[in-house]
Amino acid sequence: MKALSMLLALLVLSMLATEAFARHYQYGNGSLKLYQCPKRCKKRCSKARKTEECKFFCNKCCRTCLCVPPGTFGYKYLCPCYNNWKTKRGGPKCP
């Protein structure tokens, strides 16, 4: 029971830290200028297996959404347009 409480507390703290981070750096649709996309996508795709393919799709998504999530993976929910854009098969369009 203590372990579950501790895990729940860590989860809540993690969520609060993520929200604070997002507010500080102002992520979200339309939060970037077009010229900022290549730099953000380069960082986003730096650890991808297929770096050039990742950057191609990231830049395409950024030009449309004007948003790139922070970090190299995850946090897509901070950019709803980037997160919700799907391929014809229903998979994620943006890395």
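As the structure is a computational prediction, the values presented were derived from the model and not from experiment. Keep in mind that the numbers below use all heavy atoms, side chains included, and drop hydrogens, waters and symmetry copies.
One distance of note links SG of Cys94 with CG of Asn59; it measures 11.0 Å at 0.5 Å rounding. Rounding to the nearest 0.5 angstrom, the gap separating the SG atom in Cys61 from the CZ atom in Phe56 is 10.0 Å. To the nearest 0.5 Å, the span separating SG on Cys58 from CZ on Arg40 amounts to 10.0 Å. Between Lys42 atom NZ and Cys37 atom SG the span is 15.0 Å, to the nearest 0.5 Å.
The side-chain contact (heavy atoms from CB on, under 4.5 Å) search around Lys76 returns Arg44, Pro69, Tyr82, Asn83, Pro92, not counting sequence neighbours.
Sorted by first and then second residue, the salt bridge (charged side-chain N to carboxylate O under 4.0 Å, His left out) pairs with a member in residues 50-60 read Glu52-Lys55; sequence neighbours excluded. Evaluation of the side-chain hydrogen bond (donor to acceptor under 3.5 Å, both in side chains) test over residues 84-95, restricted to residues two or more places apart or in two chains, returns none.
Between Cys45 and Thr72 the shortest side-chain heavy-atom distance does not fall below 4.5 Å.
Nearest heavy atom pair, residue Arg63 against residue Leu34, reads CG-CD1, 3.7 Å. In terms of heavy atoms, Leu32 sits closest to Cys62 at CD1-SG, 3.8 Å. When all heavy atoms of Leu66 and Lys33 are compared, the pair lying nearest together is CD2-C, 4.3 Å.
Cys41 has its SG atom at least 2.5 Å from the SG atom of Cys54.
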